[in-house]
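Working notes, structure below.
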Amino acid sequence: MANDASTVFDVVILGGGSGGYAAALRAAQLGLQVALIEKNKLGGTCLHQGCIPTKALLHAGEVADQTREAAGFGVKATFEGIDINAVHAYKDGVISGLYKGLQGLVASRKITYVEGEGRLSSPTSVDVNGQRYTGRHVVLATGSVPKSLPGLTIDGDRVISSDHALKLDRVPKSAIVLGGGVIGVEFASVWRSFGAEVTIIEALPHLAPLEDENSSKLLERAFRKRGIKFELGARFAGVEYTETGVRASLENGKQVEAEIMLVAVGRGPVSQGLGYEEAGVAMDRGYVLVDEYLQTNVPTISAVGDLIPTLQLAHVGFAEGILVAERLAGQKVVPIDYDGVPRVTYCNPEVASVGITEAKAKEIYGDDKVVTAKFNLAGNGKSKILKTAGEIKLVQVKDGAVVGVHMVGERMGEQVGEAQLIYNWEALPSEVAQLIHAHPTQNEALGEAHLALAGKPLHNHD
Ligand SMILES: Cc1cc2nc3c(=O)[nH]c(=O)nc-3n(C[C@H](O)[C@H](O)[C@H](O)COP(=O)(O)OP(=O)(O)OC[C@H]3O[C@@H](n4cnc5c(N)ncnc54)[C@H](O)[C@@H]3O)c2cc1C
């Protein structure tokens, strides 16, 4: 039995990742007394094993590619190879700077930060290090970890997860990436830029299968050009060790050999053995279930982030944490429109989107009520300067608002900010067409796509 700490907090938060720390920072800002419990490192997956380290690796990959291609821009440079230790030092330097900043921020907001593994001990308390932390409310934010497939063991050596891949002490000569979703295609992109032979195995018919089919096809074309191989609609049957690496077998009889295999088949919630079920919290396949205000069926318990079955993205965790904090502080809050969340896959080329796909729009509104327009980056000056190919596709409800923006091309992730305003403010194509976009920018391509959709294309060849 844990000792009772004397303070009763307004809110006790279990897990200090994107969801948990955002809830803590906002709650403290609103004058609530907050305890934040974290067993590992403040910042969680995003800062230490996710968004930040992968994007640093991708940037190093971009520098490698640009060095190889320097002559095409008239610059003399020779690509000599990757110094993986220096890449890790660069990546870790980025992480440690942000980590220090975050620690300072939490301390400055007078949040009680508790290091240790916590367990929900009642609807209003969490036990950690033999101490009980009681709150009027508890927020569960224990996040997620890499998943595997039944019977597939991740040994951390030849069969690895993204956690291992981020610490790999070498560039593999060849790699199999099991799973063509966000995490899979990002690592495939990095390793290819670093010089590896890469094969992606994806059970669904396309890479980045949650994106509009047009974006997936453009990504596949670009990856093919980069020499990244993939097996689509290919179900994984098993893996065996060879003398030098691994051999993966597919149900269609094909086999792929490589030095290592990355298992990137998704992430599962961290909820087992943490007292959630005992406290009466409703769950489904390990995910904690919540209503649109992120409250569980137990009124004193809320949950946010990868632990609940919403989009597994850091900025979704931030938004959910903020929403819960504001609700607990008595503010009026608005449920999150998850279709309105910007999504970026940061491989080369980038895939960015907001809103719904053409297929989903047709399902909702009917085939004859959906209009689309495309703008090819070949007609965009800045993209030409960067030598990137790609496209922006818009999905509109006939005579109505833009309900989907889908972009592929180098740096297109940076354009998703305007795209999300267009979707979330339910803009009409004619309204966006009225706005002037700076020339020459890649952002201009978004303006041009809306000019096309408004019936007055400028640089479109179609
Ligand atoms: C390789 C990779 C790349 C990614 N790239 C992006 C990206 O580019 N953009 C993006 O938006 N998202 C990205 N994500 C997803 C993003 O990292 C997650 O959506 C986000 O971290 C979820 O935040 P969270 O707070 O729910 O969970 P987490 O960040 O997982 O945090 C949960 C925290 O709870 C702690 N915890 C768990 N159990 C306990 C316990 N019993 N006691 C105390 N503490 C506990 C954990 O130690 C952890 O720190 C990526 C993920 C991965 C793996």
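Just so you know, ligand 1 is whichever comes first in the structure, and atom 1 is the first atom listed for that ligand.
- Counting only heavy atoms of the protein, atom 10 (C) of ligand 1 lies nearest to A314 N, 3.4 Å.
- Between the Q442 side chain and the K382 main chain, no donor and acceptor come within less than 3.5 Å of each other.
- Counting atoms of ligand 1 from 1 in the listed order, those under 4.0 Å from a heavy atom of G19 are 24 (P), 25 (O).
- Look at R119 and you'll find every heavy atom at least 4.0 Å from all atoms of ligand 1.
- K39 CG, 3.6 Å is the protein heavy atom nearest to atom 45 (C) of ligand 1.
- Of the candidates I364, D339, V395, V403 forms a side-chain contact (heavy atoms from CB on, under 4.5 Å) with just one, namely V395.
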CA sep, side-chain torsions, deciding dist, call: Y241, D155, side chain to side chain donor-acceptor pair (under 3.5 Å): CA-CA 11 Å; Y241 295 124; D155 64 17; 2.3 Å; yes
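- Residue K55 places a heavy atom less than 4.0 Å from ligand 1.
- For atom 20 (C) of ligand 1, the closest heavy atom belonging to the protein is S18 OG, 3.9 Å.
- Checked for salt-bridge contact, E186 and K55 meet the test: a charged N lies under 4.0 Å from a carboxylate O.
- The closest approach between any non-hydrogen atom of G118 and ligand 1 is below 4.0 Å.
- Atom 49 (O) of ligand 1 has E38 OE1, 2.7 Å as its closest protein atom, hydrogens excluded (heavy atom only).
- Counting the atoms of ligand 1 from 1 in the order shown, those under 4.0 Å from a heavy atom of I183 are 2 (C), 52 (C), 53 (C).
- Remark: ligand 1 atoms within the under-4.0 Å shell around heavy atoms of H315 are 11 (O).
- Listed by number with element, the atoms of ligand 1 under 4.0 Å from a non-hydrogen atom of R267 are 53 (C).
- Heavy-atom contacts of Y346 reach the following atoms of ligand 1: 8 (O) (cutoff under 4.0 Å).
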Trace of the salt bridge (Lys or Arg N to Asp or Glu O under 4.0 Å) decision for E259 with R170: CA-CA 11 Å; E259 187 181 320; R170 64 193 187 282; 2.7 Å; yes
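- Annotation for ligand 1: atoms under 4.0 Å from non-hydrogen atoms of S144 are 30 (O).
- Within the 4.5 Å cutoff, side-chain heavy atoms of I84 are placed close to those of F194.
- Comparing K41, E117, Q312 against atom 15 (C) of ligand 1, the shortest heavy-atom distance belongs to Q312.
- For R221, the CZ atom counts as loosely surrounded, since its 6.0 Å shell holds 12 or fewer non-hydrogen atoms of other residues, nucleotides or ligands.
- Under the 30°/60° scheme for interplanar angles, the aromatic rings of Y99 and H48 are found to stand perpendicular.
- Annotation: atom 26 (O) of ligand 1 to nearest protein heavy atom, D306 N, 2.8 Å.
- Between P146 and V263 there is no side-chain heavy-atom pair separated by less than 4.5 Å.
- Evaluated by nearest non-hydrogen atom to atom 32 (C) of ligand 1, the leading choice among G44, A141, G15 is A141.
- Taking 4.0 Å as the cut-off, P146 does not count as a neighbour of ligand 1 on heavy-atom distance.
- Judged by distance alone, with hydrogens and angles left aside, the side-chain atoms of N380 form a donor-acceptor pair with the main-chain N or O of T441 at under 3.5 Å.
- Contact annotation: the side chain of R132 never approaches that of S122 to less than 4.5 Å [non-hydrogen atoms, C-beta and beyond].
- What sits closest to atom 39 (C) of ligand 1 on the protein, heavy atoms only, is T142 CG2, 3.6 Å.
- Heavy-atom contacts of G116 reach the following atoms of ligand 1: 42 (N), 43 (C) (cutoff under 4.0 Å).
- One finds a salt bridge joining E358 and K393 here, because a Lys/Arg side-chain nitrogen approaches an Asp/Glu carboxylate oxygen to under 4.0 Å.
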V139 vs L328, side-chain contact (heavy atoms from CB on, under 4.5 Å): CA-CA, chis, key distance, verdict: CA-CA 10 Å; V139 178; L328 299 184; 4.2 Å; yes
Residue pair T310, E320: steps toward the side chain to side chain donor-acceptor pair (under 3.5 Å) verdict: CA-CA 10 Å; T310 52; E320 290 174 343; 2.8 Å; yes
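- Protein heavy atom nearest atom 21 (O) of ligand 1, with residue, atom name and distance: C46 N, 3.3 Å.
- Looking at atom 4 (C) of ligand 1, its nearest protein heavy atom turns out to be C51 N, 3.5 Å.
- Enclosure of atom CD in E418 by more than 12 non-hydrogen atoms of other residues, nucleotides or ligands within 6.0 angstrom is indicated.
- The closest non-hydrogen atom to atom 52 (C) of ligand 1, taken over A22, G50, G184, S161, comes from G50.
- Contact annotation for L42 and ligand 1: no heavy atom of the residue comes within less than 4.0 Å of the ligand.
- For ligand 1, the atoms sitting less than 4.0 Å from at least one non-hydrogen atom of L274 are 41 (N), numbered in the order shown with element in parentheses.
- At a 3.5 angstrom cut-off on N or O pairs, F187 does not count as close to ligand 1.
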